[in-house]
Protein chains: 4
Amino acid sequence: MSSTPAFKRLPRAVREQQMLDAAVRVFSRHGYHGASMDEVAERAGISKPMVYAYLGTKEELFVACLHREGTRMMEAIAGAAAPDLPADERLWRGLRAFFGFVGAHRDGWAVLYRQARAERAFADELAGMRTRIVEVVAGMLDHALRAEGREVAETDLEVVAYALVGATESLADWLADHPEADPEKTATRMMNVAWLGAAQLLRGARWR
Amino acid sequence: MSSTPAFKRLPRAVREQQMLDAAVRVFSRHGYHGASMDEVAERAGISKPMVYAYLGTKEELFVACLHREGTRMMEAIAGAAAPDLPADERLWRGLRAFFGFVGAHRDGWAVLYRQARAERAFADELAGMRTRIVEVVAGMLDHALRAEGREVAETDLEVVAYALVGATESLADWLADHPEADPEKTATRMMNVAWLGAAQLLRGARWR
Amino acid sequence: MSSTPAFKRLPRAVREQQMLDAAVRVFSRHGYHGASMDEVAERAGISKPMVYAYLGTKEELFVACLHREGTRMMEAIAGAAAPDLPADERLWRGLRAFFGFVGAHRDGWAVLYRQARAERAFADELAGMRTRIVEVVAGMLDHALRAEGREVAETDLEVVAYALVGATESLADWLADHPEADPEKTATRMMNVAWLGAAQLLRGARWR
Amino acid sequence: MSSTPAFKRLPRAVREQQMLDAAVRVFSRHGYHGASMDEVAERAGISKPMVYAYLGTKEELFVACLHREGTRMMEAIAGAAAPDLPADERLWRGLRAFFGFVGAHRDGWAVLYRQARAERAFADELAGMRTRIVEVVAGMLDHALRAEGREVAETDLEVVAYALVGATESLADWLADHPEADPEKTATRMMNVAWLGAAQLLRGARWR
DNA sequence: GATGAATGAGTTTTCATTCAT
DNA sequence: TATGAATGAAAACTCATTCAT
């Protein structure tokens, strides 16, 4: 009697990942408010008190999801955009990685993100993430500038970065809503807008 | 006995506006889910059943808010960007009007919009609004192109428009979160990014 | 100016009938509880306060419906079963009239009746109606008996009458649920059950 | 510290029965619509969410009551009417058991039944129960017939059975309304009406 | 006589969260 | 560690009923 049933008494870390998997799924499907802890627990194949014991309240659980997915995304981007490339090449690779990630996790990241934006409670977490992204983008731009011997006010850099991030988010959203769309192509379009600007485009210019 | 109590037995149209005012406020403060019909009614100085009688369920009420505020915004923009101006001037005026509106209704539009994006139920309403905006922007661009004797694939136009709208929304969001920021300045920055593109900016170019 | 709009200011009695028509319809469709005064008023083409002014509360309104329809039914039966006919002929005609009525008002009588039976509030009204029916039936039987020179305890008469009425109601219910069924045939069947049983009893037969 | 508090943390099965007991009582007292889930929970000595968790919505709860009580009644009848007895004896025992049951549960079965009849939502459940009863009764009659070497059209059997059931229900109702009445006596009376009528029919007699 | 405006009071239902075992 | 049992608190929605005009 009592050979251990292969799926019980897992180490804490593993259990937590299972729960997060379940939670991401449920939150994505029904949104933050529509999701119920019951369903999360059920999908994780575990009892509710366990979820509370491991990952805390619903709010904390959501933050944990956001954090894990966000980190994964950042890593994907960072891994793609090597710092020693020229600015436009880095931007392009970053964008491609980003849209690739969003495309591959259509039901994950974009939805969580949208949810987070709607709830005051997550403002801080989001602000942190966005700051990190903006920093990265602004860093790219700054790097490029310095390479050309120029200098630009920090605020301006930040605003450009913000706008780029915003435009990108928008297209990512659009991508999440259009299952048939191609991430690669979306990245290209974004690159064109971002890099050249509307005026250039109107004149027939194309990046690459 | 005598002078009008001023706030009882009002005609339907008036009450509806009062309710919408209250609803916009409450939804903005607590978000769609955090808002309770009780509070909406209370803030409107009326009983709950009236809200249901006039504006329907919570969902419908929210849509009504979205609709009213969205329409107001569109009108503000349309009123500013006269169709006979050159493309960049129109874009500029439109942006200025937009950021002006958002700045003036800091607790209104941007928050409702964020809320709407988080809930599947409002996807349709949103899609409609966005389509109208994108059409307007794409129209501007198209107009400018034809003036120069060029033609551009419709899809490309749409994507450019989408990205612009996204970037703008992002800055609007940022504006809503930064009470001290200046709408006019934000509009200018956005214009620079949009019109010139990052590459131009990096080279020191500035619109105007 | 001011030729009277043909459908306003009707005499009270007419208005009341219109309301009752509407009410019977609504109660039949949705049941007593499912029905709303709003719908009654709307269907009667009149405002709610009028309904209250003319026919009182929802409960009173329902009683009024019950009363009118019940009276109509009783009259239909009484009109059919002339007192100078032999007992079986009278019973037969009565049954035929009853099932005919129920069949013709499939959505009226039977449904109201079922509703009334479920609500304590209508017990009195119902008891009154049933008493009248039972009296009629018992009267028929008694008449037949005396014609044969017999006499039977009143209680027994009442019970037989009760059982007959119950069986009849049951078949009426069944008829209301089966739109394709033929009232005439149902009456015949009921007659067979009722008459052969009753006849034996009347002749003094007893089981055991 | 020590002896069992006896009424806390009970196993599900037990709690469910307690809830059903409470529900039957409350539904019987106030009717389906008059009953509130609050009262059911209170009377069961438990909080409302438990009721929902175990027995579902109000409608489902009512169906559960109906089902349990109906099954008990059927069992009482089936247990009384052994299949190897002569037809009249079986009918008699069945009737006696039925009236006995109704008499013993004056506030249970008959009231639930009346309620169920008033609500469209329960039509299916009721139809099922009635079908089972009618089948049993028709089976009895059929058995008796075959014993006498006769055969009767199925439809006729069904109608006779229906009428019997209806008459019986009616007397049961009457019994539920007359607390002083004697179930045994009521059964006897019903038997007289039913048997003398049915016996004639079984012998091939027809009115007209 | 007639009605649009208004509401008090109540209902069902859901959920995050926690004991007791 | 793990869970079935349990709940407090609230929220959306409905309806019979009545003023004030």
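From a predicted model like this one, the values you see are computed outputs, not experimental measurements. Here is the naming used below: chain letters follow the sequence lines, and residue numbers restart at 1 for every chain. The basis for the numbers below is simple: all heavy atoms, side chains too, and nothing from hydrogens, waters or symmetry mates.
- Map Asp38(D) and Pro11(B) each onto its nearest nucleotide of DNA chain E; the residue landing nearer the 5' end is Pro11(B).
- Closest to the Met50(C) side chain, of the nucleotides dA5(F), dA5(E), dT3(E), is dT3(E).
- Glu39(B) and His30(B) are linked by a side-chain donor-acceptor pair at a separation below 3.5 angstrom, with hydrogens and angles left out of the test.
- In the set dA12(F), dA20(E), dT18(E), dA20(E) carries the atom at the smallest distance from any side-chain atom of Arg9(D).
- Residues Glu59(C) and Glu59(B) each lie close to DNA chain F; by heavy-atom proximity, the contact nearer the 5' end of the strand is made by Glu59(B).
- In terms of modelled atom types and a separation under 3.5 Å, the side chain of Lys58(B) and the main chain of Tyr32(B) share a donor-acceptor contact.
- Listed candidates were dG4(E), dA16(F), dA11(F). Nearest to the side chain of Met37(C) is dA16(F).
- Pair assignment for dA16(F): dT7(E), on the basis of Watson-Crick or G-U wobble contacts that are both within less than 3.5 Å.
- Using bins of under 30°, 30° to 60° and over 60° for the plane-to-plane angle, the ring pair Phe122(A)/Phe62(A) lands in the tilted bin.
- When heavy atoms are screened at a 4.0 angstrom cut-off, Ala41(A) is found touching no nucleic acid atom at all.
- Residue Ile46(A) places its side chain closer to dT3(F) than to any other of dT3(F), dA5(E), dA6(E).
- Mapped onto DNA chain F by nearest heavy atom, Tyr54(D) and Pro49(B) fall at different nucleotides, with Tyr54(D) at the one closer to the 5' end.
- For Lys58(B), taking side-chain heavy atoms from C-beta onward, the closest of the listed nucleotides dA12(F), dT14(F), dT18(E) is dA12(F).
- Scanning atom types as modelled, one donor and one acceptor separated by under 3.5 angstrom connect the side chain of Lys48(D) and the base of dT13(E).
- With hydrogens and angles left out, the side-chain atoms of His67(D) and Glu125(D) include a donor and acceptor closer than 3.5 Å.
- dT21(E) is paired with dA2(F) under the Watson-Crick or G-U wobble criterion, all donor-acceptor distances under 3.5 Å.
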